[in-house]
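A short worksheet on the structure shown next.
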Number of protein chains: 2
Amino acid sequence: MTIAAASHQVEEHLLTPGEVATLFRVDPKTVTRWATAGRIGSIRTPGGHRRFRESEVQHLLSQLTTEAGEPARVE
Amino acid sequence: MTIAAASHQVEEHLLTPGEVATLFRVDPKTVTRWATAGRIGSIRTPGGHRRFRESEVQHLLSQLTTEAGEPARVE
DNA sequence: ATACATTCGGGTAATTTGGGAT
DNA sequence: GTTGTCCAAATTACCCGAATGT
């Protein structure tokens, strides 16, 4: 194990509401509502703005994606 | 922050059901049926609304296009 | 410190969804 | 068998002024 790995937790790339909104083709405010509703985890800056974990967002995207030819996903 | 800074991965331009419906001159609900039937891929927002890949829609449009004098394509 | 884009909040339209009947 | 319409409920989009981020 390296020294760095032993003393630091993995840095997560964070996305702004606007960036997440672009990925889903949605209004940034809608992303905020998802956070409020608990549909997506969020981190707050000291000033109160929200940030989102890129890994969680990507996981959501792949989860909610249905390819042509596949049956509509029901989970 | 600029829009371009959003991501280093390829951005997929997504269309709303209403936009796809306009392109095909069809009711938005019909587009929804296509998605349910697996004729076209779709991405769901966490709220349950559908988004469609523009590239896939354009491909479908060109597929369904028939030139004058040519036999209609049936696949 | 200045400038500018973004993201707060809230409120109110517009769109989408799903089911059912035609 | 596909498409268009009606309905109510849910989700999302646009409006504003003020605060935050870079």
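Below, read A as the first sequence line, B as the second, and so on, with proteins coming before strands; counting in each chain starts at 1.
Pairs engaging residues 24-35 of chain B under the side-chain hydrogen bond (donor to acceptor under 3.5 Å, both in side chains) rule: none recorded [sequence neighbours left out].
Remark: P of dT22(D) and CG of Leu14(A) are 11 Å apart, rounded to the nearest angstrom. In this structure, NE2 of His49(A) is placed 11 Å from C1' of dA5(C), rounded to the nearest angstrom. In this structure, Arg51(B) places its CZ atom 8 Å from C1' of dT16(C), rounding to the nearest Å. Across the protein-nucleic acid pair, Phe24(B) atom CZ and dT2(D) atom P stand 16 Å apart, rounded to whole Å.
The side chain to side chain contact (heavy atoms under 4.5 Å, CB included) with Phe52(A) is formed by just one residue from the set Leu23(A), Thr16(A), Ile40(A), Ile43(A); it is Ile40(A).
Pairing each heavy atom of Ala68(A) with each of Arg39(B), the nearest pair is CB-O, 4.2 Å. The two residues Leu64(A) and Phe24(A) have their closest heavy-atom pair at CD1-CE2, 4.3 Å. Pro17(B) and Arg50(B) get closest at one heavy-atom pair: CD-O, 3.2 Å. Across Glu12(A) and Glu54(A), no two heavy atoms sit closer than the pair OE2-N, 3.7 Å.
Among the nucleotides dT7(C), dG21(D), dT17(C), the one closest to the side chain of Pro17(B) is dT17(C).
For residues 34-44 of chain A, proximity to DNA chain C is found at Arg44(A), defined as any non-hydrogen atom under 4.0 angstrom from a strand atom.
Each of Thr45(A) and Thr16(B) was matched to the nucleotide of DNA chain D holding its nearest heavy atom; the match closer to the 5' end belongs to Thr16(B).
When hydrophobic clusters are built by joining Ile, Leu, Val, Met, Phe, Trp and Tyr residues whose side-chain heavy atoms come closer than 4.5 Å, directly or via intermediates, Val31(A) is not grouped with Leu14(A).
Looking at Arg51(B) and Glu19(B), no side-chain N of the basic residue comes within less than 4.0 Å of a carboxylate O on the acidic one, giving no salt bridge.
Using a 4.0 Å cut-off, some side-chain N or O of Arg50(B) falls inside it from OP1 or OP2 of dT17(C).
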Polar atom pairs (N or O), protein with nucleotides 4-9 of chain D, under 3.5 Å:
| residue | atom | partner | partner atom | Å |
| --- | --- | --- | --- | --- |
| dG4(D) | OP2 | Asp27(B) | N | 3.2 |
| dG4(D) | OP2 | Thr30(B) | OG1 | 2.4 |
| dG4(D) | N7 | Arg33(B) | NH1 | 3.4 |
| dG4(D) | N7 | Arg33(B) | NH2 | 3.2 |
| dG4(D) | O6 | Arg33(B) | NH2 | 2.9 |

